[in-house]
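Chain letters run A, B, ... following the sequence lines, proteins first and then strands; every chain starts at 1.
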There are 2 protein chains.
Amino acid sequence: MRPQKVNDDELITSLSKILRTHGYEGTSLKDLSDSTGLKKASLYHRFPNGKKEMAQSVLNHTGKWVADNIFNVLNKEGETAESRLKNALLQIQKLYNGGLDSCIFRALSMQNGMDLFSDNISNGMKEWLEAFKNFGLSIHLSEHLAEEKAMQTLIDIQGSLVVSKGLQDTTIFENTLKKIEDKYI
Amino acid sequence: MRPQKVNDDELITSLSKILRTHGYEGTSLKDLSDSTGLKKASLYHRFPNGKKEMAQSVLNHTGKWVADNIFNVLNKEGETAESRLKNALLQIQKLYNGGLDSCIFRALSMQNGMDLFSDNISNGMKEWLEAFKNFGLSIHLSEHLAEEKAMQTLIDIQGSLVVSKGLQDTTIFENTLKKIEDKYI
DNA sequence: GTCTATAGCTAGATAGAC
DNA sequence: GTCTATCTAGCTATAGAC
């Protein structure tokens with residue numbers, strides 16, 4: 001076996017970057033080849049089902065990163081709610097590159113992408129809701145209020161990313177993260 | 001001259017439907033031809049610059065509809081603020097088909113679309129902000145608060161559309177419209 | 001104004017050398 | 001594991017008949 005030119009993590013990172021920027025339909029195999037440095041045939045060797053498997057891998061990889069670096073931080077034992085939330089919001093800022101990068105859910109959720117990934121996207125969003133609901137419960141909000149606040153948080157994040165992109169102004173995203181903090185504490 | 005098979009309004013409506021569903025990159029001329037009932041060459045006769053001109057026309061047409069049916073309603077002389085807001089929110093619900101349809105800004109704001117339409121999208125969003133700011137001023141909010149509430153309203157609309165689509169649950173969009181009403185009144 | 005036909009290109013995908 | 005070469009299908013776009 002030849003050595004890998006690019007390891008799995010680097011590969012997924014490049015794929016993620018280009019898919020989140022151009023969307024599923026707007027990303028060609030040539031784009032993916034150029035951005036990873038691997039030829040198309042090599043990409044097919046690593047991902048036999050082509051572009052849809054690459055996007056799927058990006059979804060899985062991102063889901064794991066978010067679980068480890070956001071949800072776990074948000075509900076970590078033995079830390080104050082303030083510090084858990086603050087740290088989680090810092091990780092969210094990192095995930096979206098300060099508002100410059102789009103959410104992978106959005107990038108894959110036009111019709112063609114939805115036909116392939118709707119379950120992943122739906123389940124992924126439910127995990128965000130659950131994580132923030134658990135955070136709400138940990139600060140003794142009622143079940144109902146914890147759910148409501150979690151939903152508003154998800155809407156704030158997604159909405160501020162769309163508006164930041166549209167107005168080309170990342171302060172909108174940053175201000176929204178600050179507001180999320182204020183709404184909880 | 002032969003008669004038009006499809007008038008401009010019907011044409012734009014079909015183009016809008018398909019572009020908002022599939023996004024700019026995900027919509028092919030064949031899709032546009034199938035959905036409008038006009039052959040590709042006929043579409044080029046009506047829009048000599050092809051797909052980008054069709055999307056541009058959809059943006060312009062939607063912008064006019066929104067100005068006439070949402071912004072004008074929201075700031076109509078001689079009606080109570082409650083009734084203006086309620087009516088505008090009904091029109092917003094109509095624009096997005098109860099949360100089933102995506103926003104044209106979102107459908108055109110992956111990278112390839114942004115390269116072509118960033119100014120339209122940015123200016124369009126600024127008009128939403130201005131319209132809601134003026135509404136806020138009309139109910140005697142401070143300049144600062146009126147701007148802040150307008151931004152949150154835009155974020156709520158865009159965010160709830162993304163989350164509704166992702167979770168395939170339009171009640172999220174509907175509940176957000178109700179909340180917008182509560183936040184103002 | 002709409003159509004058929006077609007040009008020229010790029011897409012996704014595969015075969016087989018090294 | 002990566003590559004070059006290639007296939008077929010689909011893409012955007014145009015020419016020219018009616």
Novice: What's the angle between the local helix axes at either end of the helix from C/dG1-D/dC18 to C/dC18-D/dG1, using five pairs per end and rounding to 10 degrees?
Specialist: 0°
Novice: Could you tell me whether the side chain of A/Lys183 reaches within less than 4.5 Å of the side chain of A/Asp156, counting heavy atoms only?
Specialist: yes
Novice: Could you tell me whether a side-chain N or O of B/Asn69 sits under 3.5 Å from a main-chain N or O of B/Trp65, the two making a donor and an acceptor?
Specialist: yes
Novice: How many angstroms lie between atom OG of B/Ser164 and atom CE of A/Met125, to the nearest 0.5 angstrom?
Specialist: 9.0 Å
Novice: Quick test: give all pairs of protein nitrogen or oxygen and nucleotides 16-18 of chain C nitrogen or oxygen below 3.5 Å, distance rounded to 0.1 Å.
Specialist:
unit_1, atom_1, unit_2, atom_2, d
C/dC18, O2, A/Arg2, NH2, 3.0

Novice: Over all strands shown, is A/Ser42 touching base, sugar-phosphate only, or nothing at heavy-atom distances under 4.0 angstrom?
Specialist: base
Novice: Check whether any side-chain heavy atom of A/Met151 sits under 4.5 Å from a side-chain heavy atom of B/Leu167, and report yes or no.
Specialist: yes
Novice: Quick one: do B/Glu148 and A/Lys179 satisfy side chain to side chain contact (heavy atoms under 4.5 Å, CB included)? Show the steps, please.
Specialist: CA-CA 11 Å; B/Glu148 203 171 48; A/Lys179 272 202 176 176; 3.4 Å; yes
Novice: What are the two closest heavy atoms between B/Ser160 and B/Thr176, and how far apart are they?
Specialist: CB-OG1, 3.3 Å
Novice: Among B/Lys165, B/Lys17, B/Lys94, find the residue that satisfies the salt bridge (charged side-chain N to carboxylate O under 4.0 Å, His left out) test when tested with B/Asp101.
Specialist: B/Lys17
Novice: Run the numbers on A/Asp68 and A/Lys64 for salt bridge (Lys or Arg N to Asp or Glu O under 4.0 Å), then give the verdict.
Specialist: CA-CA 6 Å; A/Asp68 290 346; A/Lys64 272 188 210 120; over 6 Å; no
Novice: Could you tell me how the ring of A/Phe135 sits relative to the ring of A/Phe132: parallel (under 30°), tilted (30 to 60°) or perpendicular (over 60°)?
Specialist: perpendicular
Novice: Can you find a heavy atom in the side chain of B/Arg20 that is under 4.5 Å from one in the side chain of B/Cys103?
Specialist: no
Novice: So, using side-chain contact (heavy atoms from CB on, under 4.5 Å) as the criterion, who are the partners of A/Gln4 when residues are at least two apart?
Specialist: A/Asn7, A/Asp8, A/Arg46
Novice: B/Glu10 has an atom CD; how far is it from atom P of C/dT2, in whole Å?
Specialist: 11 Å
Novice: Just the rounded figure in Å: distance from P of D/dC3 to CD of A/Gln4.
Specialist: 12 Å
Novice: Under a 4.5 Å cut-off applied to non-hydrogen side-chain atoms, are A/Val163 and A/Phe173 in contact?
Specialist: no
Novice: Rounded to the nearest angstrom, tell me the gap between atom CG in A/Leu29 and atom P in D/dC7.
Specialist: 19 Å
Novice: Kindly indicate whether the side chain of A/Trp128, heavy atoms from C-beta on, has any atom under 4.5 Å from the side chain of A/Ile92.
Specialist: yes
Novice: Looking at DNA chain D, which of residues 15-27 of chain B put a heavy atom within less than 4.0 Å of it?
Specialist: B/Thr27
Novice: Residues of residues 44-54 of chain A with any non-hydrogen atom less than 4.0 angstrom from an atom of DNA chain D: list those, numerically ordered, please.
Specialist: A/His45, A/Arg46
Novice: Using side-chain heavy atoms (C-beta onward) and a distance below 4.5 Å, is A/Arg84 in contact with A/Asn75?
Specialist: yes
Novice: For DNA chain D, which residues in residues 32-40 of chain A have a heavy atom at a distance below 4.0 Å?
Specialist: A/Leu38, A/Lys39
Novice: Side chain to side chain contact (heavy atoms under 4.5 Å, CB included) for B/Leu161 and B/Arg106? Distances and angles first, verdict last.
Specialist: CA-CA 10 Å; B/Leu161 286 170; B/Arg106 171 161 115 88; 5.9 Å; no
